[in-house]
Amino acid sequence: MNLLRIATRKSPLALWQSEHVADALRARHPGLEVVLVPLSTRGDEILDRSLAAIGGKGLFLKELEIAMQAGEADCAVHSLKDVPMALEAGFALPAILARADHADAFVSDVAPSLDALPHGARVGTSSLRRQAQLRARRPDLDIRDLRGNVNTRLARLDAGEYEAIVLACAGLQRLGLDARITARLDAPDWLPAPAQGAIAVECRDDAPDLHALLATLDHLPTRQCVEAERAMNRALHGSCHVPVAAYARLEGGRLSLDGLVGSARDGRAVRAGGEASPGEREALGTLVAQRLLEQGAGAFLPG
Ligand SMILES: NCc1[nH]cc(CCC(=O)O)c1CC(=O)O
């Protein structure tokens with residue numbers, strides 16, 4: 001193989017992430033030509049409705065998968081947190097890259113922290129997970145919808161539509177916008193989306209050589225953490241319709257996982273955690289999901 005075509009969304013963040021994967025492949029495989037194939041997805045085009053309303057996060061993947069099936073691209077690069085828990089049949093994730101900052105960012109010009117926001121302040125986010133945690137901590141806030149790419153969201157904050165917004169630190173850092181991070185919202189008080197901060201590479205599962213080439217970018221410690229988080233989310237039937245948060249870390253060879261399920265409407269939330277060896281990561285995810293359900297998480301889950 002001497003040419004690799006990477007299908008990517010066209011947002012500045014998606015292009016940065018795909019270019020990052022391209023650079024990593026070029027560095028490891030001199031002689032391999034790597035090009036980007038930028039494509040538009042429904043998730044990017046429909047901005048006036050919530051993701052949950054238009055069909056969920058899979059919308060960001062579909063067009064890229066069609067391009068791979070049609071032989072127009074060899075692989076696709078995604079933010080793993082946007083990848084559905086059940087991948088489309090016929091596809092695999094040969095590489096999960098080393099995780100960047102997993103935390104959320106509180107971004108505001110009027111207050112140094114979430115707790116310092118004035119009573120009733122307007123906070124922009126369309127993420128049910130972020131809304132649930134905001135309500136749990138500050139029931140007084142006026143939480144308003146905010147979709148679009150990172151630059152669009154910052155522009156709406158700067159235009160005065162909100163006193164604060166919440167974004168992923170990783171996205172801001174990748175775009176060179178670290179200076180916009182007013183405060184990090186981090187574990188254990190605040191949990192990220194499952195797999196936040198991790199980039200994944202997807203390809204068809206019937207191409208072993210391609211799979212092996214891409215797998216050279218895989219970072220096992222990150223995979224161990226994010227697979228535990230995704231197993232928890234899967235066991236809760238998690239999707240972007242549900243406010244589910246999870247964060248796993250490796251310490252001294254042990255994997256620990258914290259999970260949260262909340263209500264975006266009234267601020268109720270349940271938390272649970274657990275610990276296991278990295279080899280037991282799927283079971284750990286299932287166990288923490290079970291503990292969340294025992295605490296009453298079922299009340300916040302659809303169906
Ligand atoms: N929901 C969109 C999205 N998907 C991934 C990131 C950030 C990068 C990452 O988590 O790896 C973002 C932006 C955000 O949530 O602020």
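Scope of the values below: all heavy atoms of this structure, side chains included, with no hydrogens, waters or symmetry mates. Starting from 1, each residue takes its place in the sequence as its number. Start at 1 and go down the list; that is how both ligands and their atoms are numbered.
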Practice problem: Could you list which atoms of ligand 1 come closer than 4.0 Å to a heavy atom of Gly197? | Solution: 9 (C), 10 (O), 11 (O)
Exercise. State the atoms of ligand 1, each with its element, that fall below the 4.0 Å cut-off from a heavy-atom position in Leu167.
Key: 16 (O)
Self-check item: Region of Arg147 engaging ligand 1 - heavy atom pairs below 4.0 Å
Solution: neither
Quiz prompt | Shortest non-hydrogen contact from Ser79 toward Gln17 | solution = OG-NE2, 3.1 Å
Quiz item: Of all the heavy atoms in His102, does at least one lie under 4.0 Å from an atom in ligand 1?
Solution: no
Quiz item: Has the side chain of Arg271 got a donor or acceptor atom that lies under 3.5 Å from a matching backbone atom of Leu292?
Solution: no
Self-check item: Atom of Val244, atom of Pro194 and distance for their closest heavy-atom approach
Solution: O-CD, 3.6 Å
Quiz item: Can a salt bridge be assigned to the pair Glu19 and Arg26 using a cut-off of 4.0 Å between side-chain N and carboxylate O?
Solution: yes
Practice problem: Below 4.0 angstrom from a heavy atom of Ser79, which ligand 1 atoms are there? Numbered from 1 as shown, please. | Solution: 4 (N), 5 (C)
Self-check item: CG-CE distance between Asp74 and Met1, expressed to the nearest 0.5 angstrom
Solution: 5.5 Å
Quiz item: Of Asp115, Leu117, Ile165, Leu167, which meets side chain to side chain contact (heavy atoms under 4.5 Å, CB included) against Phe106?
Solution: Leu117
Quiz item: Does at least one non-hydrogen atom of Arg130 fall below 4.0 angstrom from an atom of ligand 1?
Solution: yes
Quiz prompt | Heavy-atom nearest option to atom 6 (C) of ligand 1, drawn from Lys81, Arg174, Arg9 | solution = Lys81
Quiz item: Are any of the N/O atoms in Ala168 less than 3.5 Å from those in ligand 1?
Solution: yes
Exercise. Let me know which of Arg230, Arg223, Gln224 forms a side-chain hydrogen bond (donor to acceptor under 3.5 Å, both in side chains) with Glu227.
Key: Arg223
Self-check item: Sub-4.0 Å atoms of ligand 1 with respect to non-hydrogen atoms of Gln196
Solution: 10 (O)
